[in-house]
Amino acid sequence: MSTPAQRIGEVGARLAADGVDDRLADDLVRRIVDVVGNSLAATREEPARIAGAVVAEWGGTPSATGIGLAQRVPAPSAALVNGTLAHSLDFDDTHLPSVLHPSAAVIPAALATAERTGAGGRALLAAAAVGVEVTCRLGMAGYDEELGNSVFFEHGQHATAICGAVGAAVASGMLRGLDADRLTSVVGIAASMGAGVIEANRTGGTIKRVHCGWAAHAGVVAADLARHGLTGPPTVVEGRFGFLRAFCGERVHPERVTDGLGERWETPGVFFKPYPCNHFTHAGVDAALRLRERGVTADEVRGLVLGVPAPVLRTIAEPAAEKRRPRSGYHAAFSGPYTVAAALLGGGGLGVFHEDFTDAAAADPRRLELAGRVRVVADDEATAGFPRQFPAVLTAELADGSSVTERVRENRGGPQRPLSADELAAKFTGNAERVVDADQATGIVGALWDLRDDRPVAEVMTGLQHAAARS
């Protein structure tokens, strides 16, 4: 009987040969478009400069595109840069209830390896699909129903980076043509490489922005090591000293990794984000937008009470003084009070957008004054829905003594409230046009959709490099 790592290896090898069906391929193209758009938008952020400077110092044989870099770089370096970009603005997709961001770790590794090997789009889509799926399933293996939360998260670990390193490695290994045995070793190798702690969500720092970059980088390196003969333990997922027990202790479910693997897919249900901020804040943004639609204005608000699931308080509400006066635009993206204030005052994009999370916006006296009137509390109904949704209830206490309440039970961008094709297009355009013109943005989307017809990945990425480098 196969171990979970062996089963991943078997399924990965089979789908590398057979490909995935059209429905799943279309879903993966949408995710690649989303990742590329998010990455383009982040090319002028400080983490992009830092990652670019590091890979320039490393040097090496150029073989893949780092988005926004003028010159090609080695594939592991491209994965580091692009994974950093993909996660930098907190605009990347989210799997629930594991609460991780699979595409931002897996797709940069897959793109770099596919470009390096000369693979076509169909091979890329199959590899990315399996990598995202493995990431989600490892996250679910560490999700505890009784606890109502991810054990990774409860331990202060970033499951995105930890599980994403393994998913990225499987995708990279598939594109390297590794057989089932070597893909098993890829899982065993990458399990020693994933890392990430999430204290930055609470009190600041920019390290979290690099988590997906490091996971993508680790994935490419793990596949290379396996290709050259390094081996990993076949029991690495479920073993006594394996991946799940090491990170999550006894509250693990290794059977979730392989149940229906390759036949039943978590990937199409992964939520697209409408707003470039921590996903726990999104329902509060929606509720604030609904209050605006009902005619509620900031001037008549005496106070606001934001009810959220109890487990998210430590991320978007604590320390309370820090969240009411975020120290930077990035820190503001993890603030329940600030995001509600930004939405109620009138944000950009689909509700709030990048201009709402600049350092200048986060220091705006009007936003801070309104954020200071927001009290964030645990709400029992919201807690009951977490983490399959991140619900919120927002009550505006008005100057005339009345109150108005909006409750959001299902997050925008998920299967119950999907973003339309026009909304996804608007998100990409808004992202891309931060660095390229409208015609270039249209060309990039068209080239990415050509992957569906097996266009060589290197052609697509070279065109993307040229467009971004001209900006």
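Only heavy atoms go into these numbers, but all of them, side chains included; no hydrogens, no water, no symmetry mates. Everything quoted here is computed from the prediction, not taken from an experiment.
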Please say whether more than 12 non-hydrogen atoms of neighbouring residues, nucleotides or ligands are located less than 6.0 Å from CD in E46. yes

Among pairs that include at least one residue of residues 331-340, which meet side-chain hydrogen bond (donor to acceptor under 3.5 Å, both in side chains), considering only residues two or more places apart or in two chains? Y338-R367

Mind checking what makes ring pair (Phe, Tyr, Trp, His ring centres under 6.0 Å) contact with H101, not counting sequence neighbours? H87

Mind checking whether D379 and V308 have side chains closer than 4.5 Å, heavy atoms only? no

Do V270 and S103 come close enough that some side-chain heavy atom pair is under 4.5 Å? no

Using 0.5 Å steps for rounding, measure from the CG atom of L124 to the CD atom of E115. 10.5 Å

Can you pull the side-chain hydrogen bond (donor to acceptor under 3.5 Å, both in side chains) pairs that have at least one residue in residues 242-252, sequence neighbours excluded? D144-R251

Set of residues satisfying side-chain hydrogen bond (donor to acceptor under 3.5 Å, both in side chains) with respect to T258, sequence neighbours excluded: none

Can you classify the ring geometry of F334 versus Y330 as parallel (below 30°), tilted (30 to 60°) or perpendicular (above 60°)? perpendicular

Does the gap between the ring centers of H95 and W265 come in under 6.0 Å? no

Can you check whether F272 reaches D34 side chain to side chain, under 4.5 Å on heavy atoms? yes

Does atom CG of D21 have more than 12 heavy-atom neighbours from other groups under 6.0 Å away? yes

Salt bridge (Lys or Arg N to Asp or Glu O under 4.0 Å) pairs touching residues 184-200, sequence neighbours excluded, are E199-R202

Show the numbers, then the answer: is there a salt bridge (charged side-chain N to carboxylate O under 4.0 Å, His left out) between R30 and D26? CA-CA 6 Å; R30 282 190 286 272; D26 286 347; 5.4 Å; no

Using 0.5 Å steps for rounding, measure from the CG atom of D90 to the NZ atom of K208. 4.0 Å

Begin from the C-alpha positions of T267 and E133 and carry the test side-chain hydrogen bond (donor to acceptor under 3.5 Å, both in side chains) through to its verdict. CA-CA 6 Å; T267 299; E133 188 72 15; 2.8 Å; yes

Run R412 and Y275 through side-chain hydrogen bond (donor to acceptor under 3.5 Å, both in side chains) and show every step you take. CA-CA 10 Å; R412 187 180 182 191; Y275 316 123; 2.8 Å; yes

Reported OG1-to-CD1 distance for the pair T135 and I162, which is rounded to 0.5 angstrom: 12.0 Å

Quick one: sort the F280 and F390 rings into parallel, tilted or perpendicular, breaks at 30° and 60°. perpendicular

What pairs with F271 under ring pair (Phe, Tyr, Trp, His ring centres under 6.0 Å), at least two apart in sequence or on another chain? none

Do V55 and L69 have side-chain heavy atoms sitting under 4.5 Å apart? yes

Cationic N near anionic O, under 4.0 Å, D286 to R417: yes

Any side-chain heavy-atom pair of E238 and L244 under 4.5 Å: no

What's the verdict on salt bridge (charged side-chain N to carboxylate O under 4.0 Å, His left out) for R209 and E45, showing C-alpha distance, side-chain angles and the deciding distance? CA-CA 10 Å; R209 290 172 150 186; E45 299 291 314; 3.5 Å; yes

Got R452 and R122 here, is their nearest side-chain heavy-atom distance under 4.5 Å? yes

Test item: E381 and R407 side chains (from C-beta on) under 4.5 Å apart, heavy atoms: yes

Centroid-centroid distance, H158 to F153, less than 6.0 Å: no

